[in-house]
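Heads up: the structure comes next, in structure tokens.
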2 protein chains.
Amino acid sequence: MLTRSEEDHLKAVYTLLQEGDSASTKDIAHRLRTKASSVTDMLKKLAEKGLLKHEPYYGVKLTAKGRSHALQLVRRHRLWETFLVQRLGFGWDEVHEVAEQLEHVAYDKLTDRLDEYLGKPGFDPHGDPIPDRHGRIRERKTHRLSACATGEVVRIAAVSETTDGLLRLLDAKGLRIGSQLTVQEVHAFDGSMDIKPKNGSAFSVSKEVSHHLQVEPA
Amino acid sequence: MLTRSEEDHLKAVYTLLQEGDSASTKDIAHRLRTKASSVTDMLKKLAEKGLLKHEPYYGVKLTAKGRSHALQLVRRHRLWETFLVQRLGFGWDEVHEVAEQLEHVAYDKLTDRLDEYLGKPGFDPHGDPIPDRHGRIRERKTHRLSACATGEVVRIAAVSETTDGLLRLLDAKGLRIGSQLTVQEVHAFDGSMDIKPKNGSAFSVSKEVSHHLQVEPA
DNA sequence: TTCGTGGATTAGACAAGCCTAAATATCGTC
DNA sequence: GACGATATTTAGGCTTGTCTAATCCACGAA
């Protein structure tokens, strides 16, 4: 059994490794609003429990066991988000916090029943894939909007769930998961780009914004 | 903000005061599977936070603030139990533990939305009343089956939710919340009684069992 | 190659919650 | 009213998870 704090650290490691190529002590600390020294302690502990390999000063890698456990957390988190949006009528920009708490309720039967109740959804309200009970994820070939070239026509596949401001911005522009858009122009000097939604008027987004938008070919 | 442990202690106090007339340090400790000395510490802490009055050696009383907080916990617990049984198809004998965890997720909007989603139920699957968002409880005039006399015809109103064995026994006998039964005979020497469900054959229940069954006049 | 810098770790302190053992209080009974 | 049984509290210690401050290490620039 893992404590809540252990689970938080494990998930942070998993998420950072997903997003980039490494999970630095500093980044984990920042994500968990704690200090680097606390993270080092916890990494040591998780390593002892066989959930990850910790090479001091070099970095951290998840073991199969650690990855599996992290995937369960991700699964629960995304199922609860789906429940909150689909059934309780929450906005997709207000469910993260709550799911962050609900994900720690560890009871397989509950998770599986919830999964069935929601119709075994493949993706959560932000477009992120929901691992099945074995931790398997439905893979898609998405890329960042920021990596798109002028003229590309794409569909929004997913949005970083931790970016509430972005979620509200998309809402305001009428964009949803699945919305199509065309890249009209990419500005080299600041990485911003002009995009035109299929049924709407064009506007400009910063590099920051386009970085957090996952898209797939339309 | 209360910690999980503080909430557990507060709810234990509330529940014991509901069930009997006092909440002894010993009983709280027993209920929380902890030791009396730990409970004393926590009572001191809750008293400092203004949730209860603690007269050393004499006992404990909830303040309005403490009662209100406890009622929120009870509300969340019973709403989740209702959700688990009504929507996820759990048996009423297997939801207590899980609800015990879910009740600590404190987020008013979630609680209220869940309440609406379930149709603002007045009672949970065990027949216990669910406090509304203001902590108000729908009162009924129930009494214990063990207090019934020969010949009384009653309806089952509620069953102590912590008694899994009893819940399964009732299931096995085909009894539900709302089932009618007649008290056929009360045996003075051990307090056991013979009861006959409206649509079933008579059987005998121990004093222990009849003590945990709340009934109302049929 | 050497050094400076910033990230990572260690050392040591602290609060929260829990425990055991010892001291203290209450209460029913004689 | 004193005594013994039982409940309660206090004293002191342990573990967990956090922190700050100090130290250690890697790595890129000169």
Side-chain angles (χ1 to χ4, degrees), chain A residues 1-17 19-62 66 69-70 73 100-101 103-104 106, chain B residues 1-17 19-62 66 69-70 73 100-101 103-104 106:
Chain A
M1 213 54 213
L2 297 192
T3 65
R4 186 178 175 136
S5 175
E6 286 166 348
E7 288 191 340
D8 284 337
H9 282 79
L10 185 63
K11 206 182 88 165
V13 169
Y14 174 83
T15 308
L16 288 168
L17 289 177
E19 287 175 2
D21 53 333
S22 71
S24 75
T25 304
K26 190 175 188 252
D27 289 348
I28 299 170
H30 180 256
R31 180 171 283 254
L32 300 180
R33 285 168 182 67
T34 177
K35 301 299 178 202
S37 56
S38 311
V39 172
T40 301
D41 289 345
M42 199 53 80
L43 291 181
K44 219 178 294 179
K45 202 171 162 204
L46 290 174
E48 273 163 19
K49 292 201 175 187
L51 295 159
L52 49 79
K53 295 284 180 206
H54 183 215
E55 206 74 58
Y57 292 105
Y58 276 89
V60 67
K61 274 194 324 187
L62 288 176
H69 205 117
L73 285 166
E100 202 75 6
Q101 296 195 50
E103 75 187 6
H104 292 288
Chain B
M1 212 52 214
L2 296 192
T3 66
R4 187 178 175 136
S5 176
E6 286 165 348
E7 288 192 339
D8 285 336
H9 282 78
L10 185 62
K11 204 181 89 165
V13 169
Y14 174 83
T15 309
L16 288 168
L17 288 177
E19 287 176 1
D21 53 334
S22 71
S24 76
T25 305
K26 189 176 188 250
D27 288 348
I28 298 170
H30 180 256
R31 179 172 283 252
L32 299 179
R33 285 167 181 69
T34 178
K35 302 300 178 200
S37 56
S38 310
V39 172
T40 301
D41 289 346
M42 198 55 79
L43 291 182
K44 218 178 293 179
K45 203 171 162 203
L46 290 174
E48 273 162 21
K49 293 200 174 188
L51 296 159
L52 48 80
K53 295 284 180 205
H54 183 215
E55 206 74 56
Y57 291 107
Y58 276 89
V60 66
K61 275 194 321 186
L62 288 176
H69 205 117
L73 285 166
E100 202 73 7
Q101 295 195 50
E103 75 187 7
H104 292 288

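The sequence lines fix the lettering, A, B, ..., with proteins before strands; numbering per chain opens at 1.
- In terms of phosphate contacts, B/Thr3 brings no side-chain nitrogen or oxygen within less than 4.0 Å of OP1 or OP2 of C/dA16.
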| message | Does B/Leu2 form a side chain to side chain contact (heavy atoms under 4.5 Å, CB included) with B/Lys49? I'd like the steps, not just the answer. | response | CA-CA 9 Å; B/Leu2 296 192; B/Lys49 293 200 174 188; 4.0 Å; yes
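- Inter-residue side-chain proximity for A/Met1 and A/Glu6 is flagged as unmet; no heavy-atom pair is nearer than 4.5 Å.
- With sequence neighbours left out, B/His54 forms a side chain to side chain donor-acceptor pair (under 3.5 Å) with no residue at all.
- Sequence order on DNA chain D of the closest nucleotides to A/His9 and A/Pro56 puts A/His9 first from the 5' end.
- Listed pair B/Thr40 / D/dT10 fails the phosphate criterion, with no side-chain N or O lying under 4.0 Å from OP1 or OP2.
- Looking at residues two or more places apart in sequence or on another chain, you find no side chain to side chain donor-acceptor pair (under 3.5 Å) involving B/Lys26.
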Protein-nucleotides 19-23 of chain D N/O pairs under 3.5 Å:
residue: D/dC19; atom: OP2; partner: A/Thr34; partner atom: OG1; Å: 2.6
residue: D/dC19; atom: OP2; partner: A/Lys35; partner atom: N; Å: 3.0
residue: D/dC19; atom: OP2; partner: A/Ser38; partner atom: OG; Å: 2.5
residue: D/dT20; atom: O4; partner: A/Ser37; partner atom: OG; Å: 2.8

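- In terms of phosphate contacts, A/His54 brings no side-chain nitrogen or oxygen within less than 4.0 Å of OP1 or OP2 of C/dA8.
- Between the CG atom of A/Leu73 and the OG1 atom of A/Thr15 there is a distance of 9.0 Å, given to the nearest 0.5 Å.
- The shortest side-chain heavy-atom distance between B/His104 and A/Gln101 does not fall under the 4.5 Å cut-off.
- Comparing A/Tyr58 and A/Met42 by the nucleotide of DNA chain D that holds the closest heavy atom to each, the one mapping nearer the 5' end is A/Met42.
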